[in-house]
Number of protein chains: 2
Amino acid sequence: MQTKTLDEILSTLTQNDQGVPLYRRVEERLKSAASLEQFQNGALFPDELTLANRLGVSRGTARAALSRLVQQGLLERKAGVGTRVARPKPRSGISAWRSFSREMAEKGIPVETYSSECRAHPATAVVAQALQLEPRTPVLRLDRVRGWGGVPVLFSSSWLHPRLQLTGAEDYSKPLYDVIESASGIVAEKAREDFTAVAASAVLAKRLGVKPGSPILLRCHAVCEANGRPIEYAEVNYVSSRFTLTLDLRRESLGA
Amino acid sequence: MQTKTLDEILSTLTQNDQGVPLYRRVEERLKSAASLEQFQNGALFPDELTLANRLGVSRGTARAALSRLVQQGLLERKAGVGTRVARPKPRSGISAWRSFSREMAEKGIPVETYSSECRAHPATAVVAQALQLEPRTPVLRLDRVRGWGGVPVLFSSSWLHPRLQLTGAEDYSKPLYDVIESASGIVAEKAREDFTAVAASAVLAKRLGVKPGSPILLRCHAVCEANGRPIEYAEVNYVSSRFTLTLDLRRESLGA
DNA sequence: TCAAGCTAAATGTTTAGACATTTAAATATG
DNA sequence: CATATTTAAATGTCTAAACATTTAGCTTGA
């Protein structure tokens with residue numbers, strides 16, 4: 001990309017490129033101009049009227065092009081002051097911002113299970129509510145302590161709906177939803193997540209190797225099928241100092 | 001929300017609301033009109049000239065308002081045909097999030113704001129990273145203590161990207177994303193949420209009226225446009241004993 | 001000296017009108 | 001009947017002009 005001067009870039013537009021709207025052609029010129037060294041320090045861009053005259057278009061057209069570039073984040077305008085090139089984005093490194101858990105998953109660092117126990121317990125009120133069962137119905141409960149690198153990170157209790165017909169003898173070293181799907185053909189689709197912070201109880205502290213009272217991220221997790229029938233209810237206790245839970249979300253659609 | 005007729009919505013604008021640009025007032029009217037039942041089936045919206053005449057503005061102004069709504073994804077235009085209300089795109093995505101006040105409003109809980117301060121601070125390393133700015137760039141920061149029934153529930157700090165061109169004088173009693181959208185036309189679309197639990201610091205404890213060391217749910221929240229450009233980075237501290245954060249998630253769809 | 005007020009320069013808003021382009025449907029034509 | 005062609009109606013582009021608002025810097029007066 002040979003560097004042109006501002007004058008060259010802003011020379012009057014040719015008659016070519018017909019079919020492409022004027023403001024688009026102006027936009028391209030201005031984009032080139034914005035990349036000029038002289039505007040990288042926050043120096044003012046030429047004003048709208050000057051640009052319009054130099055390019056041989058009306059102020060409206062120049063302004064339309066400028067507005068598009070502002071919208072695109074390349075320029076910044078301030079009433080009464082002028083237009084500047086927005087600070088260049090530092091680095092393409094979009095990814096430097098990663099959660100521990102995601103990092104683990106992507107790097108394939110194996111999650112270790114330090115204890116695992118699976119047997120039936122009568123449903124508590126909360127569990128019964130979540131799984132839409134009568135309280136005290138026997139439900140298979142999977143308790144696990146997991147982590148990586150020899151350090152426990154979480155303690156989880158999962159209650160699995162009797163409808164799934166699990167025996168407790170399945171291979172729970174595989175991802176839970178794979179186990180459920182291959183055992184029963186039921187597909188997890190929706191989940192409701194509740195997040196709270198709690199102080200570690202004595203029992204929990206001992207299991208996770210932290211001091212009682214340490215901050216614990218408690219995630220209560222109700223999973224169901226697409227049709228809304230409940231599959232699993234889980235309570236996961238994360239040692240906060242060792243783990244950050246990251247979610248990528250999209251906004252709920254606006255209309256209706 | 002009482003349903004007005006199209007005629008009522010498109011009655012000539014009053015002289016009130018001075019200081020708010022015409023095209024913005026028109027935008028609001030058109031947004032109301034677009035929610036009307038009669039346009040939900042793909043029926044054509046009134047044409048630009050009709051809208052302009054009915055509202056008593058020029059075509060240019062009506063068109064500016066329409067363009068903003070197109071930009072926001074609410075309307076679709078087609079040359080030679082007309083304007084229609086866009087069908088909400090099938091957000092195949094993982095999930096949904098709503099603003100805090102919107103969430104609470106849906107539950108009928110009026111959110112109260114106990115303190116609110118908005119002024120520019122130099123970006124910290126974390127903030128600069130999240131907003132893709134240079135560290136120490138001045139960024140508008142909105143600090144709030146909110147809750148309900150006279151009890152504080154959360155302390156939040158929101159850093160708003162300079163690109164939004166907010167002044168700090170906006171009406172932050174409205175949902176934040178409405179403020180951003182109406183001020184700049186920029187639509188929040190995606191978010192990345194990090195959850196951890198922390199113990200309340202002395203300063204935080206005082207602000208929220210809890211004992212130091214109490215469990216706090218810390219939610220770090222990076223919001224961006226559909227194209228990935230950052231809008232807001234926020235750190236929200238919830239008093240865990242008074243609040244549970246709930247998210248509804250869907251499994252990422254396979255097709256498309 | 002310092003603050004209030006003025007001023008010039010920039011962006012922001014609004015209008016009116018002309019013409020171009022695209023589209024769907026009506027109309028002519030083979 | 002099927003295919004061009006025309007046409008009307010909508011959005012798309014562009015201009016010129018006027019006035020409003022915001023801001024930084026200058027000027028002035030206490």
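Per chain, numbering begins at 1; letters A, B, ... match sequence-line order.
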Calculate, to the nearest 0.5 Å, the distance between atoms OG1 and CG belonging to T83(B) and D47(B) respectively. 8.0 Å

Using whole Å, what does the distance between atom C1' of nucleotide dG12(D) and atom CG of D47(B) come to? 14 Å

Inspect the contact between K78(B) and E76(B) and indicate whether a charged nitrogen and a carboxylate oxygen are less than 4.0 angstrom apart. no

Going by atom type alone, with no hydrogens or angles, which donor-acceptor pairs under 3.5 Å involve a side-chain atom of residues 60-68 of chain A and a protein atom two or more places apart or on another chain?
unit_1	atom_1	unit_2	atom_2	d
T61(A)	OG1	S58(A)	OG	3.3
R63(A)	NH1	E48(A)	OE2	2.6
S67(A)	OG	R63(A)	O	2.9
S67(A)	OG	R77(A)	NH1	3.4
S67(A)	OG	R77(A)	NH2	3.0
R68(A)	NE	E27(A)	OE1	2.6

Nearest-Å distance for atom pair CG/P, residues L75(A) and dA10(C): 16 Å

What distance do S156(B) atom OG and H221(B) atom NE2 have between them, rounded to the nearest 0.5 Å? 10.0 Å

Whole-Å gap separating C1' (dA17(D)) and CG (N53(A)): 14 Å

Spacing of L51(A) atom CG relative to dA9(C) atom C1', expressed in whole Å: 15 Å

Side chain to side chain contact (heavy atoms under 4.5 Å, CB included) partners for T5(A), two or more places apart: D7(A), E8(A)

May I ask you to verify if any side-chain N or O of T83(B) is less than 4.0 angstrom from the OP1 or OP2 atom of dT11(D)? yes

Enumerate the protein-to-nucleotides 12-20 of chain C contacts in which both atoms are nitrogen or oxygen and the separation is below 3.5 Å.
unit_1	atom_1	unit_2	atom_2	d
dG12(C)	OP2	R63(A)	NH1	2.7
dG12(C)	OP2	R63(A)	NH2	2.8
dG12(C)	OP2	R77(A)	NE	3.2
dG12(C)	OP2	R77(A)	NH1	3.4
dG12(C)	N7	R59(A)	NH2	2.7
dG12(C)	O6	R59(A)	NH1	3.0
dT13(C)	OP1	Y23(B)	OH	3.1
dT13(C)	OP2	Y23(B)	OH	3.2
dT14(C)	OP1	L22(B)	N	2.3
dT14(C)	OP2	L22(B)	N	3.1
dT14(C)	OP2	Y23(B)	N	3.1
dT15(C)	OP2	S58(B)	N	3.1
dT15(C)	OP2	S58(B)	OG	2.9
dT15(C)	OP2	T61(B)	OG1	2.3

Ignoring hydrogens and angles, state whether a donor on the side chain of Y177(B) or E232(B) is under 3.5 Å from an acceptor on the partner side chain. yes

Let me know the distance between CD of E27(A) and C1' of dC14(D), rounded to the nearest Å. 16 Å

